[in-house]
Amino acid sequence: VQLQASGGGLVQAGSSLRLSCSAFGRTASNYNMAWFRQAPGKRREFVAAITWSGGFASYADSLKGRFTISRDNAKNTVYLQMNSLKPEDTAVYYCACGPVHSSGSSEYDSWGQGTLVTVSS
């Protein structure tokens with residue numbers, strides 16, 4: 001599966017942004033999807049994941065209530081709605097897919113190229 005992330009940009013603190021990740025190739029609806037992010041000088045960290053059916057989602061504890069992951073299998077697309085953005089949310093955001101619903105990056109075998117989100121104070 002090939003993944004293409006989009007929707008990043010420069011926004012002010014307190015703004016909202018929605019990222020999209022489109023999947024190409026094998027039917028992405030059979031796979032669990034996730035978002036990770038990597039801030040400058042930091043390790044990649046888990047953001048959110050959603051099961052193949054969209055029936056269950058999990059989030060990094062620090063992001064619960066502000067970020068929402070969803071998917072539209074008819075469009076082979078997963079979304080990340082980010083609200084009340086903070087400067088510390090600045091990072092490259094990556095989407096990934098894999099056979100297991102997990103917060104561990106090693107469980108995902110296909111990755112998108114990343115989209116940069118910059119939040120100014």
Side-chain angles (χ1 to χ4, degrees):
V1 177
Q2 293 182 328
L3 304 175
Q4 183 172 358
S6 61
L10 173 63
V11 297
Q12 291 186 333
S15 300
S16 297
L17 204 59
R18 189 177 80 158
L19 305 183
S20 298
C21 177
S22 298
F24 306 91
R26 291 176 290 173
T27 303
S29 61
N30 294 334
Y31 295 87
N32 298 282
M33 302 289 291
W35 288 96
F36 290 79
R37 69 183 184 182
Q38 188 166 17
K42 296 187 177 181
R43 299 179 64 179
R44 189 171 297 187
E45 64 175 355
F46 171 73
V47 174
I50 189 167
T51 55
W52 67 269
S53 67
F56 182 77
S58 56
Y59 298 89
D61 287 342
S62 62
L63 300 177
K64 287 180 180 177
R66 290 198 300 123
F67 287 17
T68 302
I69 189 172
S70 62
R71 67 189 298 165
D72 184 340
N73 285 342
K75 296 182 178 179
N76 271 354
T77 301
V78 64
Y79 305 98
L80 184 68
Q81 178 68 43
M82 305 184 294
N83 298 328
S84 302
L85 283 163
K86 304 174 182 180
E88 51 263 44
D89 294 319
T90 295
V92 177
Y93 284 73
Y94 298 90
C95 58
C97 74
V100 178
H101 180 84
S102 173
S103 61
S105 60
S106 63
E107 299 291 350
Y108 296 90
D109 47 26
S110 293
W111 291 80
Q113 84 287 1
T115 184
L116 176 63
V117 173
T118 303
V119 184
S120 63
S121 57

- Task: Find out whether Q4 and Q113 are in side-chain contact, i.e. whether some heavy atom of one side chain is under 4.5 Å from a heavy atom of the other.
- Result: yes
- Measuring from S15:OG to M82:CE, what's the distance to the nearest 0.5 Å? 10.5 Å
- Note on the structure: Note: with side-chain heavy atoms under 4.5 Å as the link, the other cluster members for V100 come out as none
- Query: Heavy atoms, side chains only, cut-off 4.5 Å: are C21 and Y94 in contact?
  - Reply: no
- Spatial distance of atom OG (S62) from atom CZ (F67) [nearest 0.5 Å]: 8.5 Å
- Heavy-atom side-chain proximity of P99 to D109 below 4.5 angstrom: yes
- Query: For the atom pair CG (L116) and OG1 (T90), what is the distance rounded to the nearest 0.5 Å?
  - Reply: 8.0 Å
- Note on the structure: By salt bridge (charged side-chain N to carboxylate O under 4.0 Å, His left out), R18 pairs with (sequence neighbours left out) none
- Note on the structure: NZ of K86 to OG of S121, rounded to nearest 0.5 Å, is 14.0 Å
- Query: Under 4.5 Å between any side-chain heavy atoms of Y79 and D72, yes or no?
  - Reply: yes
- Nearest 0.5 Å please: distance from the OG atom of S120 over to the CD atom of Q12. 5.0 Å
- Query: K64: what forms a salt bridge (charged side-chain N to carboxylate O under 4.0 Å, His left out) with it, not counting sequence neighbours?
  - Reply: D61
- Query: By side chain to side chain contact (heavy atoms under 4.5 Å, CB included), which residues pair with S16, not counting sequence neighbours?
  - Reply: Q81, N83
Give every donor-acceptor pair under 3.5 Å between a side-chain atom in residues 35-51 and any protein atom, sequence neighbours left out.
unit_1 : atom_1 : unit_2 : atom_2 : d
R37    : NE     : E45    : OE2    : 2.5
R37    : NH1    : D89    : OD1    : 2.9
R37    : NH1    : Y93    : OH     : 2.9
R37    : NH2    : E45    : OE2    : 3.1
Q38    : NE2    : K42    : O      : 3.1
T51    : OG1    : G55    : N      : 3.3
T51    : OG1    : F56    : N      : 3.2
T51    : OG1    : F56    : O      : 3.4

- Is there a side-chain contact between I69 and Y59, using heavy atoms and a 4.5 Å cut-off? yes
- If you look at every heavy atom in Y108 and G98, which pair is closest and at what distance? CD2-N, 3.5 Å
- Evaluate side chain to side chain contact (heavy atoms under 4.5 Å, CB included) for E107 paired with N32, printing each intermediate quantity in order. CA-CA 10 Å; E107 299 291 350; N32 298 282; over 6 Å; no
- Query: For S58, which residues count as a side chain to side chain donor-acceptor pair (under 3.5 Å) partner, sequence neighbours excluded?
  - Reply: H101
- Query: Out of curiosity, L17 CG to T115 OG1, how far, rounded to the nearest 0.5 Å?
  - Reply: 8.0 Å
